Amino acid sequence: MKIMVSEQFQCFMASLGVDLNSLLEAAGINKVVWQEQLMLSDVEYWQLMNEFDNQLTDEMILSLGILLTLIRLCRPFLQH
């Protein structure tokens, strides 16, 4: 599974106090984000999601939810 992880998203996560590469390491995944891409197997994906769940606070998840909502709302205006 290919996951796109933009530099902006990595900066946003860093502003929440989350280092994505450290999160991958804590999940037992020996990979790093390279050229804004991350290739994971299904098992690795679920390990990463579990580690997100373990490390992110409710406030961090709320901030992430607000960001995702804004992306969904703005996407139609950004196309074409």
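Fair warning: this is a prediction, and the values are worked out from it, not measured in the lab.
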_Non-hydrogen atoms of Ala26 and Gln55 that approach each other most closely_ = CB-NE2, 3.5 Å
*Who pairs with Asn21 by side chain to side chain donor-acceptor pair (under 3.5 Å), at least two apart in sequence or on another chain?*
none
_Side-chain donor or acceptor of Lys31 paired with backbone N/O of Leu24 under 3.5 Å_ =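 No, because the side chain of Lys31 does not come within donor-acceptor range (under 3.5 Å) of the backbone of Leu24.
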*Rounded to the nearest 0.5 Å, what's the gap from CG on Leu40 to CG on Leu48? Could you check?*
6.5 Å
_Point-to-point distance, once rounded to the nearest 0.5 Å, from CD of Glu51 to CD of Glu44_ =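 Answer rounded to 0.5 Å: 14.0 Å.
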Anything under 3.5 Å between a donor and an acceptor, one on a side chain of residues 7-20, the other on a protein residue two or more places apart or in another chain? List them.
unit_1: Gln10; atom_1: NE2; unit_2: Val5; atom_2: O; d: 3.2
unit_1: Ser15; atom_1: OG; unit_2: Phe12; atom_2: O; d: 2.5
unit_1: Asp19; atom_1: OD2; unit_2: Ser22; atom_2: N; d: 3.0
unit_1: Asp19; atom_1: OD2; unit_2: Ser22; atom_2: OG; d: 2.6

*Evaluate whether atom CG of Asn54 has more than 12 neighbouring non-hydrogen atoms of other residues, nucleotides or ligands under 6.0 angstrom away.*
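Counting other residues, nucleotides and ligands, CG of Asn54 exceeds 12 neighbours.
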*If we only count heavy atoms from C-beta on, is the Met39 to Met1 side-chain gap below 4.5 Å?*
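Counting from C-beta outward, Met39 and Met1 never come under 4.5 Å.
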